[in-house]
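Encoded as structure tokens, the structure appears first; notes follow it.
Predicted model only: the values in this text are computed from it and were never measured. In what follows, chains are A, B, ... by sequence order, proteins preceding strands, each numbered from 1.
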Amino acid sequence: MSVVVRFAPSPTGFLHIGGARTALFNWLYARHHKGVFRLRIEDTDRQRSTQAAIDAIIAGLKWLGLDWDDEIVFQFTRAGRHAEVARELLTAGKAYYCYCTPQELQAMREEQRAKGLPEGYDGRWRDRDPAEAPPGVAPVIRLKAPRSGETVVPDLVQGEVRKANVELDDMVLLRGDGTPTYMHSVVVDDHDMGITHVIRGVDHLTNAFRQIQLYSAMNWALPRFAHIPLIHGADGAKLSKRHGAVGIEAYRDMGYLPEAMRNYLLRLGWAHGDDETIDTAQAIAWFDLDAVGRSASRFDTAKLDNLNGHYMRAADNERLVALILPRIEAGLGHAVDATGRGRLLKGMDGLKLRARTLVELADSAMIYVRARPLTLDQKAQAVLTAEARSTLSYSVDMLMKLTEWSAPALEQIDRTIAEQRGLKLGQVAQPKRAALTGSTTSPPIYEVMEILGREETLARLRDVSIG
RNA sequence: GUCCCCAUCGUCUAGCGGCCCAGGACAUCACCCUUUCACGGUGAAGACACGGGUUCGAUUCCCGUUGGGGACGCCA
């Protein structure tokens, strides 16, 4: 049997971390088994579904590099089919009209809770004659679920989870206005789309019981279920707006690489021995559901940062420059010219070794494109004492005589100066760093000088030297 | 409240009865490398929630307690 899985988000918000991980697991499972990964937008809630959310979800998946097969299925367009199945059930006596008003149901729940009973619809219209229907109430169609015995979810991750049927009530298939509920559409669509494996968050586990009852009523073969654990915030609570970034695109904006995100998300709830850095090709080769754990995990930015640093170091320099250029130009207030771009490209090797996010990378890259005179930060100013500035002006003289403008030659000059003046190399180099970058930390300063070029280097040095 | 699930270092996890006085990674600390900061290297500190069983032997199996999470909509 070839594998067909789906990611089925509801377009009521952006693609959050949990959804992204669910999508990733589905995608990996499909790719590993050479199956099909489908995307279905669950937009049956017309009030809350928005085009903006659909766009955000699609953009998020694309950014993460999770490509889906076939056309996207929009659940709402299938409402006719959903109603058809509900009517079929009605005809077969496996579903019935329920005329309860929302207020009535509300009162029912309150009473049950007060008595400590499990909450749910009590089935009062199950066998009642529709002739007794109160006027003016548009009935819903409910599934006539079994009242005894138990329903079992055979789950690839959770094992066999069982629940007594008395705990389950007759779920609504079609609303009073004739539109299908989520519970009903999911089953019909998964069946019609030939879904073989339903991989989703454990928050859907209890839904699975009711959905299985519907599969049984229709005599449809059950898909395999795999309910994966949830991702919590650093404080252990459910991921929410309080934790800052919620949408996956926020992580893109914070400067994370999609491959780093994939690797990080993969390791949340799934492991392959002691392996940590797992690229996508390796993940596809290794991923399977049997290695998915059952306990929830917390989102840890520090580890994401570390992984991101790793993938940035491995990333192509041209790609990195392209990624940070918009941010750099925004900071500058104007476009970066060819000279600047050339410097950025040459500087990448030194820069990317020191950054954990693209934002940090862009910030540190500013040293190559900033206009003179540079603004010096506090520490840089402290380094540039009168003595340091005079040493600097001496080095300007030395540098002007230099014929070969290369990092090794530039370093040799400072070694000579240090020796002449009885200073440590750092005492000569650090003022240069301050003058050339406006800061006390940067890539190796001779590398910076080489990339900046003779003219720019000398100009920046003169800006702060004395004499 | 009812039902379901979970429980190894601060975090992510390995472990599927003896190889474990528990391994790796991130974070932390120290040292090395070094013109700064990183990277890299070496090392340190750091966990089987608790209580009962089962067993010759439990982190691993069973029960309970505690703690955490999830679900209880004509939302998805």
Grab the [atom1]-[atom2] distance between [X] and [N] for me, whole Å please.
X: A/H310; N: B/C12; atom1: NE2; atom2: P; value: 22 Å
X: A/L353; N: B/U36; atom1: CG; atom2: P; value: 15 Å
X: A/F7; N: B/A76; atom1: CZ; atom2: P; value: 16 Å
X: A/L205; N: B/C3; atom1: CG; atom2: P; value: 16 Å
X: A/F209; N: B/C3; atom1: CZ; atom2: C1'; value: 9 Å
X: A/D203; N: B/C5; atom1: CG; atom2: P; value: 16 Å
X: A/L266; N: B/A14; atom1: CG; atom2: P; value: 12 Å
X: A/N308; N: B/A25; atom1: CG; atom2: C1'; value: 16 Å

- Query: Could you go step by step and tell me if A/Y256 and A/Y311 meet the ring pair (Phe, Tyr, Trp, His ring centres under 6.0 Å) rule?
  - Reply: CA-CA 9 Å; A/Y256 294 105; A/Y311 283 101; over 10 Å; no
Please determine whether a side-chain nitrogen or oxygen atom of [X] lies at a distance below 4.0 Å from atom OP1 or OP2 of [N].
X: A/T44; N: B/A76; result: yes
X: A/R210; N: B/A76; result: no
X: A/R267; N: B/C26; result: no
X: A/R109; N: B/G73; result: yes

Nucleotide paired to [N] in any strand shown, Watson-Crick or G-U, under 3.5 Å:
N: B/C74; answer: none
N: B/G57; answer: none
N: B/C50; answer: B/G64
N: B/A45; answer: none
N: B/C33; answer: none
N: B/C19; answer: none
N: B/A27; answer: none

Checking all strands, does [X] fall into the base, sugar-phosphate, or nothing category for heavy-atom contacts under 4.0 angstrom?
X: A/Y446; value: base
X: A/V172; value: sugar-phosphate
X: A/G269; value: sugar-phosphate
X: A/C100; value: base
X: A/D43; value: nothing
X: A/P444; value: base
X: A/S10; value: sugar-phosphate

- Message: At less than 3.5 Å, do the side-chain atoms of A/Q106 and the base atoms of B/G73 form a donor-acceptor pair?
- Response: no
Gap in Å between the two [atom1] atoms, one belonging to [N] and one to [M], rounded:
N: B/A30; M: B/G67; atom1: P; result: 38 Å
N: B/C31; M: B/A38; atom1: P; result: 14 Å
N: B/G10; M: B/C5; atom1: C1'; result: 24 Å
N: B/G46; M: B/A71; atom1: C1'; result: 36 Å
N: B/C26; M: B/U34; atom1: P; result: 23 Å
N: B/U13; M: B/C9; atom1: P; result: 11 Å
N: B/C16; M: B/U8; atom1: C1'; result: 14 Å
N: B/G40; M: B/A76; atom1: P; result: 48 Å

Candidate nucleotides [options], ranked by approach to the side chain of [X] - the nearest:
X: A/R298; options: B/G24, B/U11, B/A76; result: B/U11
X: A/L230; options: B/G70, B/A38, B/U35; result: B/G70
X: A/E167; options: B/A38, B/U2, B/C74; result: B/U2
X: A/R433; options: B/G1, B/A76, B/U35; result: B/U35
X: A/E42; options: B/C37, B/A76, B/C12; result: B/A76
X: A/H232; options: B/G69, B/A76, B/U35; result: B/G69
X: A/R313; options: B/G40, B/U35, B/C74; result: B/G40

- Residues A/Y96, A/W125; criterion ring pair (Phe, Tyr, Trp, His ring centres under 6.0 Å); working and verdict: CA-CA 8 Å; A/Y96 60 94; A/W125 281 95; 9.0 Å; no
- Note on the structure: Of A/Q112 and A/T179, the one whose closest nucleotide on RNA chain B sits nearer the 5' end is A/Q112
- Task: Tell me which of A/A429 and A/L268 sits closer to the 5' end of RNA chain B, going by the nucleotide each one is nearest to.
- Result: A/L268
Exercise: do [X] and [Y] side chains pair donor with acceptor under 3.5 Å:
X: A/Q51; Y: A/D55; value: yes
X: A/Q112; Y: A/D122; value: no
X: A/H82; Y: A/D189; value: yes
X: A/Q75; Y: A/R78; value: no
X: A/E404; Y: A/S406; value: yes

- Query: Could you go step by step and tell me if A/R48 and A/D45 meet the salt bridge (charged side-chain N to carboxylate O under 4.0 Å, His left out) rule?
  - Reply: CA-CA 6 Å; A/R48 301 200 302 151; A/D45 184 343; 3.1 Å; yes
Measure up the [X] and [Y] rings against each other and bin them: parallel (under 30°), tilted (30 to 60°), perpendicular (over 60°).
X: A/F287; Y: A/F25; value: tilted
X: A/F299; Y: A/Y264; value: perpendicular
X: A/H272; Y: A/W286; value: parallel

- Message: Return the CZ to NE2 distance between A/R294 and A/H227, rounded to the nearest 0.5 Å.
- Response: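 A/R294 atom CZ to A/H227 atom NE2 measures 13.5 Å (nearest 0.5 Å).
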Between protein and nucleotides 27-32 of chain B, what N or O pairs are separated by less than 3.5 Å?
none

With the criterion being N/O to N/O and under 3.5 Å, what pairs connect the protein with nucleotides 6-8 of chain B, and how long is each?
from, atom 1, to, atom 2, distance (Å)
B/C6, OP1, A/R294, NH1, 2.3

- Backbone N/O of A/L376 and side chain of A/Q381: donor-acceptor pair under 3.5 Å: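 It does hold such a pair.
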- Message: Between A/R356 and A/E360 (salt bridge meaning N to carboxylate O under 4.0 Å), is one present in this structure?
- Response: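 Looking at A/R356 and A/E360, the cut-off is met.
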